[in-house]
Structure formats: structure tokens, C-alpha cells
Amino acid sequence: FIINLLTTAAEPNSDIGFCDASSRNCENLVKETSVYKQIFYDVNPPEGFNLRRDVYMRFAIMLSDARKRGRVDWRLVLPPWHNLYHWRSSSAKSKQQPWSSYFDIESLKSFAPVMELHEVFSEINSNVLKIDTLYVLENFEDPFENGVFQDKWQLSSGCVYVGNYFGYKNITATETVCVKFQGPISKLWELILQHPTDRRVMIAHGEIPLHDNYGTKTYWQCRKSMKFNKNLIQIAKNFMFNSLKCKTDKCSTYLSVHWRRKDFAYSRPNDVPSIANTVKQIDGAVKNKFLNVKKIFIASDASSNELKALDEQLHNLNYEVYRFTATKDALKELNDGEVAIIDQIICSHAAYFIGTHESTFSFRIQEEREILGFDSDTTFNRLCPDSGPCEKPSKWTLIE
Ligand code: GFB
């Protein structure tokens with residue numbers, strides 16, 4: 001049904017209607033005449049950076065699939081990074097960051113038709129950006145009605161958009177539509193096509209629609225296109241080569257750990273170990289896996305007291321402990337988001353990685369290691385709690 005919608009329905013007022021996806025002329029026409037339409041999206045405010053990366057992939061795949069099927073007239077507008085809950089440094093908090101601060105935009109564009117919000121502003125020649133329809137998605141109260149999870153959506157009322165248009169006061173919506181939604185993201189076309197004359201639509205709570213297919217070839221193509229900003233990669237590589245004495249992209253000189261603390265430590269006390277037990281598990285991995293390493297790289301959001309205690313206990317076992325800290329000078333230039341990405345890159349290249357259970361920060365490192373071609377056994381490892389069960393991480397291996 002969805003495929004039918006994508007391939008046969010035509011918008012009555014569209015200047016270009018549908019083009020054959022293979023037709024370059026058609027794609028050029030869209031570019032030249034700026035007749036394309038735009039999908040904006042926003043995510044539940046408390047969600048962190050790495051869940052948002054997954055939400056991006058759902059939308060990017062939706063747009064890329066649509067383009068393959070001939071719907072070349074839509075662009076995905078990348079929501080600027082603004083006021084993230086976990087980002088406390090003033091430069092990350094105070095103003096909106098474009099995606100180019102963190103990612104390689106040309107690489108994103110090689111997979112999906114995306115554009116930055118500032119590109120939209122420079123096109124419209126006006127200070128006010130009007131969204132035609134803002135769809136505020138909500139979950140159904142009972143996702144398993146009559147015991148089954150069914151893909152569905154239903155118009156509702158009384159919803160509130162809890163976001164703030166990425167902190168821009170000059171973005172407004174002409175109409176707000178409340179929708180209870182559950183199912184794959186491609187189902188959003190059914191909603192969007194309800195208003196065929198709309199040129200700009202926005203989806204609030206973009207985290208609610210799910211991937212159509214998880215872990216497929218297309219999923220990995222999209223994931224691979226999410227390359228980081230080149231400058232951040234260079235800073236991480238300098239650290240890997242200079243401090244960690246790494247010689248190739250697959251470094252043999254260090255083990256890396258993502259030690260998630262802060263809100264995770266108290267919201268999931270049964271999933272994270274104590275400091276002493278963290279040290280025991282790192283030492284256990286080095287010995288049991290016969291890793292010939294003395295250098296341990298720790299990526300963490302832990303407090304300085306926790307880190308000091310961890311360092312001391314690792315030093316007592318003769319390990320050298322490394323962390324990437326923005327130096328005072330660099331701090332002027334590197335914000336929390338940038339440091340977090342550098343941490344992720346360094347973890348991705350280690351001989352062996354141990355992550356935190358169900359942290360999306362760790363998941364993204366595991367995916368990066370799959371792309372780099374590490375043996376899965378060196379990647380899908382987690383810190384276990386001090387007591388109780390310790391479920392092994394799911395292996396989401398690369399499909400090419
Ligand atoms: O990325 P994220 O969604 O991962 O959110 P989880 C955690 C944020 O904390 C990161 C910082 O984006 C970073 O800003 N952070 C965490 C780190 N670990 C590190 C680290 O090793 N190094 C650096 N530099 N920064 C979820 C949240 O977090 O945890 C949810 O998205 C909720 O909102 C849940 O809070 C409990 O999946 O780990």
C-alpha cells in the first residue's frame with residue numbers, strides 16, 4: 001500500500017509531479033527551480049545526541065527510499081542541535097549548531113536529500129519561516145490493543161508541541177495536527193499526503209516512528225554515510241597516534257571503555273558496576289582475552305571524583321590510563337558534543353571495546369567498529385553489574 005502511494009499518487013498542485021528516479025533532468029529541474037518541499041522534524045527534548053542520530057537515520061532512509069521510487073521533490077531539513085540536556089558547556093548550550101559542526105554534510109547528502117536549516121533561511125529571503133502543517137505525534141495509550149501491535153495512526157486533539165522550533169522564535173506553523181502514531185516511518189507519507197498542497201511540513205516527536213527495517217543493507221549504507229566532521233576526526237587521530245601510540249586505523253595498543261555514569265548510574269543501577277568492579281572487569285578482559293595492552297582509554301561522563309578513583313585503581317594494577325580532555329585552550333573551541341564525538345572515535349579504533357549496557361553512545365561506537373571491520377568479539381562487550389544477570393549485547397553486524 002505504501003509503495004503504491006509512493007509510486008502512483010501524484011500531488012495535484014505539484015509543479016513537477018513525479019519523475020523517473022533515474023532521470024537526471026528531473027533532479028536538476030528540482031534543484032534549479034527550488035520547487036522542492038521540505039520535511040522538518042524535532043525530537044522529544046530530553047533525548048540525547050546518540051538516540052537523535054538514530055532518529056535522523058529513520059528520516060534519511062525514508063527520504064532516500066522515496067527518492068529511489070521517484071519522489072525526488074522532497075528535502076529533509078536537518079534540525080539544528082540546540083540546548084541538549086547532556087551538553088553543559090556554554091558554547092554548546094547557548095546557540096544552535098548546524099550539523100556540519102559534527103558531521104560531514106557532503107557524505108550525508110550522498111545518501112539522502114538533506115539540507116541545513118540555514119540553507120532554508122537563505123533561500124526564503126525572509127526572516128520568518130512558515131511551516132504549513134506541524135504534525136505532533138503521540139503514542140497510543142495501549143500499543144498492544146487486543147494483544148497485537150498494529151501499525152496505525154489516528155487523528156486526535158488536545159496535543160501540545162513541547163519543542164520550540166530549535167530555539168528560533170521566527171519559525172511558526174500555520175496548522176497543527178495531533179496524531180496518535182505507531183509503526184514504520186514510511187507510514188508518515190500517508191499523513192503528509194493528506195495535505196497535498198503543503199510545501200513545508202514538520203514532524204514533532206520524530207522519535208515515535210520506527211525504522212521500516214533495522215540492520216539491512218540500506219540501514220548500513222545510511223549509517224556509513226554518517227561520517228563525522230573532518231576536523232574532529234583529525235583531532236581524535238592525533239590523540240590516537242601521539243598519545244596512544246597507535247600505528248594503523250585498527251590500533252593494537254589500547255583497550256577502550258565507555259563508562260556511562262551520571263543519569264545512567266542512578267536511572268539504571270542494576271546495569272552499571274561499582275568503580276572497583278569496573279576495574280576488575282577491565283583487568284579481566286585484558287587477561288582473559290590475552291590482550292597485549294597496558295594502555296586503557298576511558299570515555300566517560302563520570303564526575304572528576306569517580307574518574308580519579310578509577311584512575312588510581314587502574315594505576316595500582318600497572319595500567320596507563322588515558323582520557324581525552326579538551327585542554328584549556330581547546331575548550332574555547334571544543335564543546336561537549338565535539339569532545340563526546342572525539343571520545344567515540346577513539347573508542348572505535350581500540351583493539352578491544354567494552355561498552356555500557358543499552359547506552360546509545362556505546363551502540364554508535366559498536367556500529368563504527370563494525371564499519372571499520374573489527375572482529376565482532378572485540379566489539380560487543382559490556383560492563384556487567386556487580387551482581388545479578390549480565391545479558392550479552394545483541395550483535396548488530398554489518399550487512400554489505
Ligand atoms: O548520547 P546519549 O543519548 O547516550 O546521551 P545514552 C548521553 C550524553 O552524555 C552524550 C554525554 O551525548 C554525551 O553528551 N556522554 C555520555 C559522554 N558518555 C560520554 C562519554 O563517554 N564521553 C563524553 N565526552 N560524553 C541516554 C539518553 O543516554 O540515557 C537519555 O539519551 C537518557 O536521554 C538515558 O538520559 C538514561 O544512550 O547513554
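One-based numbering, in listed order, for ligands and for the atoms of each. No hydrogens, no waters, no symmetry mates; every other heavy atom, side chains included, goes into these values. Numbering of residues begins at 1 and proceeds along the displayed sequence.
- The distance from ligand 1 to the heavy atoms of Pro46 drops below 4.0 Å at these ligand atoms: 33 (O).
- Using cut-offs of 30° and 60° on the angle between ring planes, the pair Trp74 and Trp189 is perpendicular.
- No side-chain heavy atom of Tyr165 sits less than 4.5 Å from a side-chain heavy atom of Leu129.
- For atom 16 (C) of ligand 1, the nearest non-hydrogen atom from the set Arg364, Lys262, Arg53, Arg260 comes from Arg260.
- Distances from ligand 1 to the non-hydrogen atoms of Asp343 include at least one value under 4.0 Å.
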Checking side chain to side chain donor-acceptor pair (under 3.5 Å) for the pair Asp54/His211: CA distance, chi angles, key distance, verdict? CA-CA 9 Å; Asp54 192 60; His211 279 284; 3.0 Å; yes

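- For ligand 1, the atoms sitting less than 4.0 Å from at least one non-hydrogen atom of Ser267 are 36 (C), numbered in the order shown with element in parentheses.
- Atom 27 (C) of ligand 1 has as its closest protein heavy atom His86 CE1, 3.6 Å.
- A perpendicular orientation is assigned to the rings of Phe239 and Phe324, their planes being inclined by more than 60° (bins at 30° and 60°).
- A salt bridge links Arg323 to Asp311: one of the charged nitrogens lies within less than 4.0 Å of a carboxylate oxygen.
- Considering backbone and side-chain atoms alike, Glu358 places every N or O at 3.5 Å or more from each N or O of ligand 1.
- The shortest N or O to N or O distance between Phe264 and ligand 1 is not below 3.5 Å.
- Taking every heavy atom of Ala299 and a limit of under 4.0 angstrom, the matching atoms of ligand 1 come to 20 (C), 21 (O).
- Between the side chains of Gln234 and Asn238, at least one donor N or O sits under 3.5 Å from an acceptor N or O.
- Closest protein heavy atom to atom 15 (N) of ligand 1: Asp301 CB, 3.8 Å.
- Of the protein's non-hydrogen atoms, Asn50 ND2, 2.6 Å is the one closest to atom 1 (O) of ligand 1.
- In this model, no donor atom of one side chain and acceptor atom of the other lie less than 3.5 Å apart for Ser101 and Glu338.
- Every atom of ligand 1 with a heavy atom of Ser359 under 4.0 Å away is listed here by number and element: 6 (P), 37 (O), 38 (O).
- Close approach of ligand 1 to Asp263 (heavy-atom distance below 4.0 Å) involves ligand atoms 32 (C), 35 (O), 36 (C).
- Distance from atom 31 (O) of ligand 1 to its nearest protein heavy atom, with residue and atom name: Gly48 N, 3.1 Å.
- Among all non-hydrogen protein atoms, the one lying nearest atom 10 (C) of ligand 1 is Phe361 CD1, 3.9 Å.
- Taking any N or O of His258, backbone or side chain, at least one lies under 3.5 Å from an N or O belonging to ligand 1.
- In terms of protein heavy-atom proximity, atom 12 (O) of ligand 1 is closest to Phe49 CB, 3.5 Å.
- Side-chain N/O atoms of Gln38 and Tyr36 include no donor and acceptor closer than 3.5 Å.
- No side-chain heavy atom of Arg200 sits less than 4.5 Å from a side-chain heavy atom of Lys37.
- Under the 30°/60° scheme for interplanar angles, the aromatic rings of Tyr254 and Phe297 are found to stand perpendicular.
- The side-chain heavy atoms of Lys395 and Glu370, taken from C-beta on, include no pair separated by under 4.5 Å.
- Ligand-side atoms of ligand 1 in range of Ser300: 19 (C), 20 (C), 21 (O), 22 (N), 23 (C), range being under 4.0 angstrom from any heavy atom.
- Among protein heavy atoms, the minimum distance from atom 25 (N) of ligand 1 is reached at Ala340 CB, 3.8 Å.
- In this pair, Tyr219 and Tyr214 present their aromatic rings tilted. The plane angle is within the 30 to 60° band.
- For ligand 1, the polar-atom distance check against Thr360 finds a nitrogen or oxygen pair separated by under 3.5 Å.
- Annotation: Trp87 places an N or O atom under 3.5 Å from an N or O atom of ligand 1; distance criterion only.
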